[in-house]
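Since the structure comes first, as structure tokens, the remarks are kept for the end.
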Number of protein chains: 2
Amino acid sequence: MPTKKRTVTIQDVAKKAGVSVSTVSRVLNGKADVAGDTQEKILGVISKLGYTSNLAARSMRSRRKDLLGLVVPDIGFPYSIEVMKGINRAIAESTFDLLVYTMGDVHKSGAVLHEQHYVSLLNNSLTDGVIIVASAAAEFITDAPIIAVDPHIVNPRYPSVQGTNYQGAVEVMQYLLKLGHERIGFICGRPEIASAERRLKGYKDALKEAGIAIDKDLIVPGDFTTKSGYASALQLLNLKHPPTAIFAANDQSALGVFQAAQEMELRIPEDLSVVGFDNIAEAKYVGLTTVDQFLSEMGYIATQMLIKMVNHQPLDVQVHKMPTRLVERTSCRALVQVN
Amino acid sequence: MPTKKRTVTIQDVAKKAGVSVSTVSRVLNGKADVAGDTQEKILGVISKLGYTSNLAARSMRSRRKDLLGLVVPDIGFPYSIEVMKGINRAIAESTFDLLVYTMGDVHKSGAVLHEQHYVSLLNNSLTDGVIIVASAAAEFITDAPIIAVDPHIVNPRYPSVQGTNYQGAVEVMQYLLKLGHERIGFICGRPEIASAERRLKGYKDALKEAGIAIDKDLIVPGDFTTKSGYASALQLLNLKHPPTAIFAANDQSALGVFQAAQEMELRIPEDLSVVGFDNIAEAKYVGLTTVDQFLSEMGYIATQMLIKMVNHQPLDVQVHKMPTRLVERTSCRALVQVN
DNA sequence: ATAGAGAACGATACCGGTATCGTTACCGAT
DNA sequence: ATCGGTAACGATACCGGTATCGTTCTCTAT
């Protein structure tokens, strides 16, 4: 065990170089007021001592940190991953770095509280601005740049990037109806989340539009997980009049439908048509027809908007609506002749 | 635009509650020396004002932060994602939170420099310890708990969790040899990375062991990306004597082999056998036979080891070797009768 | 020669917390 | 009545940087 070496501070550098801390700080921040040879000497000492500045100390005094924060419920979710890819890309193109705060498990108790805590933690401490993904947190924050991707509530007090969940769901239904399906099951998302509610409404409205009565048995609960998708699919498929098609509120639960179908020895799409929502990476591999809501792009745009806010530039729009696109793969079958 | 509200500080809370900052701090940290009603009043003020403590300020003075840092090259990589899942799990079980630092793009210039910078940034500023994933950074760090997952160099000066890359590669080769393959192509990983080198050595040694001469044409370069896997696969498949099987240094490049095969209208496994390494999520969907090196578990164990280090508990081992397991799926075909 | 300007650098306050030590009030014991 | 002990709380130094202002020195213009 090596002796506990104290970390090198700016004081050490100043002493070693025979100058004041002020001068070292000036060199570190590229200010003009330093003679050429002094600067060289200080830089030499810095690299010799292996000095790196203390983020905490710096961010206390100076406003600008060139750092953006990201609060995400669960890093492991495919959904989060897609969004993060886009954020990553925007970060790589910018002068900012990224600090991700995660709470490990959304479902653990007090997660929302934690979430709020972290947002303000990042917010008034370390970062210039914060991106919140799929959350209701930070409703009380007013004093710093914040942007939400797919917020849980419809009209947050801060800017956001949202998918066109309603329109996307309607398109799915029109597609299934065109294929001749009339008994279409719907696996809900978490009811407290705005996007889940929008998709359900799209499902219902499209049926009404087509003159088909809504059968309550065909609408089953869910919480966006594969597990719940599996359970709900079983429920649907064991109905006396099971649906010919299932529309799951997201791809993760659609994957659960695949599991259930396999277990009941139903082939997709021959015996059952399935559509999801999100277009996560896995969807491609299982041939799931779904709605691409360009999650990565949402992350990308949100980051760019946040950077604008940090730089005190005006935003073109407070709410950026991201269009959706139906991605037709091999999980649906036509029951009628389609032109 | 709302007026720039100053963030609420401990001073504000103290003033509002009619006590000193010391007392507020005591309440925040759960110290005993506070009267019951005083505590209640302060807690009331805190929630009324929506106060949250400034991480930067706190971590400057107090040694313990209950926060672990993670430096990861690219959040979007399936490899990183798997490791992070395990870390996430360990974090959820612990009292620590996690701060992830990413630089967006490994391939952007100066990334290694950035990486080192971030490590020490987190290290001596914000976190109690740091996990480094797949990197050569932090060679110069000596003064704080650090652990590496799959480090780029063989013997880092700090503890690490490593896969048994050599053994895993040997097993793959023995498997392919048993299936009757003799012309086996190898797509390399990034040569500067220790694990890539170990896998290559496993490939060569297994061939030697089987008495098969090494054909240099069958060993092609790569850099762990799907793109390079695609290009290298084309190179192999256009050989005068193309291989009957390709062993890619990781799953990502194996995915590139799939692309190349599809383009050349070769069926897998009928016309070409493919094996990867890592067992990322995608591998399951395409039926890729690969080596599971339990990335998630590696992240989990590394986190637990780091927590021990932070708590000044002794480590059982400095280098935790994680065994590998061949996952047989549908991307390989037997050329001979196998008992 | 002297004033004024500007370059180069130092001294110090300050950011928002925590750690340490000091102070006050109140209690029972001598 | 005086004292010692303890509970409750306040005052202040300090963490490691940056921002601000002041100081010193040189050089040029008058």
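A, B, ... follow the sequence lines: proteins, then strands. Residue 1 opens every chain.
Atom CD in Q11(B) sits about 8 Å away from atom P in dG16(C), given to the nearest Å. Following rounding to the nearest Å, L55(B) (CG) and dG17(D) (P) show an atom-to-atom distance of 17 Å. What separates CZ of R58(B) from C1' of dG16(D) is a distance of 17 Å, to the nearest Å. Atom CZ of R61(B) and atom P of dG17(D) are 15 Å apart (whole Å). The CG-P distance, from L126(A) to dG16(C), rounds to 14 Å in whole Å. If you take CE of M60(B) and P of dT18(C), they are 12 Å apart, rounded to a whole angstrom. With rounding to whole Å, L28(B) atom CG is found 15 Å from dG16(C) atom P. Rounded to whole angstrom, the span from the OH atom of Y51(B) across to the P atom of dG16(C) amounts to 10 Å.
Partner I87(A) forms a side chain to side chain contact (heavy atoms under 4.5 Å, CB included) with one of V72(A), V149(A), L306(A), I131(A) and no other, that one being I131(A).
Taking M322(A) as the reference, F294(A), E297(A), M298(A), I301(A), H320(A) meet the side-chain contact (heavy atoms from CB on, under 4.5 Å) condition, with sequence neighbours excluded. Judged as a side-chain contact (heavy atoms from CB on, under 4.5 Å), and not counting sequence neighbours, the contacts of S62(B) are R58(B). Listed by chain and residue number, P159(A), L315(A) satisfy the side-chain contact (heavy atoms from CB on, under 4.5 Å) test with Q318(A) (two or more places apart in sequence, or in another chain). Partners of T303(B) under the side chain to side chain donor-acceptor pair (under 3.5 Å) rule, at least two apart in sequence or in another chain, do not exist in this structure. Residues forming a side chain to side chain donor-acceptor pair (under 3.5 Å) with Q313(B) (at least two apart in sequence, or on another chain): none. K308(B) is linked by a salt bridge (charged side-chain N to carboxylate O under 4.0 Å, His left out) to D316(B), counting only residues two or more places apart in sequence or in another chain. The side-chain contact (heavy atoms from CB on, under 4.5 Å) test applied to E40(B) returns no partner, not counting sequence neighbours. For Y51(B), there are no side chain to side chain donor-acceptor pair (under 3.5 Å) partners two or more places apart in sequence or in a different chain.
A donor atom on one side chain and an acceptor atom on the other are found under 3.5 Å apart for D150(A) and Y79(A). No side-chain donor from either of T9(B) and Q11(B) sits under 3.5 Å from a side-chain acceptor of the other.
Contact annotation: K31(A) side-chain N/O to dA19(D) OP1/OP2 distance is under 4.0 Å. When the side-chain nitrogen and oxygen atoms of N54(B) are compared with OP1 and OP2 of dC15(C), none of them lie within a distance under 4.0 Å.
In the set dG17(C), dC9(C), dT18(D), the nucleotide with an atom closest to the side chain of A35(A) is dC9(C). Checked against dG16(C), dA19(D), dG17(D), the side chain of I10(A) finds its nearest nucleotide in dG17(D).
Using five terminal pairs a side, the axes of the helix from dA1(C)-dT30(D) to dT30(C)-dA1(D) at its two ends make an angle of 70°, given in steps of 10 degrees.
Listed by first and then second residue, the side-chain hydrogen bond (donor to acceptor under 3.5 Å, both in side chains) pairs involving residues 27-39 of chain A are S25(A)-N29(A) (not counting sequence neighbours).
Within 4.0 Å of T38(B), counting heavy atoms only, lie sugar-phosphate atoms of the nucleic acid but no base atom.
In the region residues 19-26 of chain B, proximity to DNA chain C at under 4.0 angstrom, judged on heavy atoms, holds for S22(B), S25(B). Contacts between residues 41-49 of chain B and DNA chain C, defined by a heavy-atom separation below 4.0 Å, involve no residue at all.
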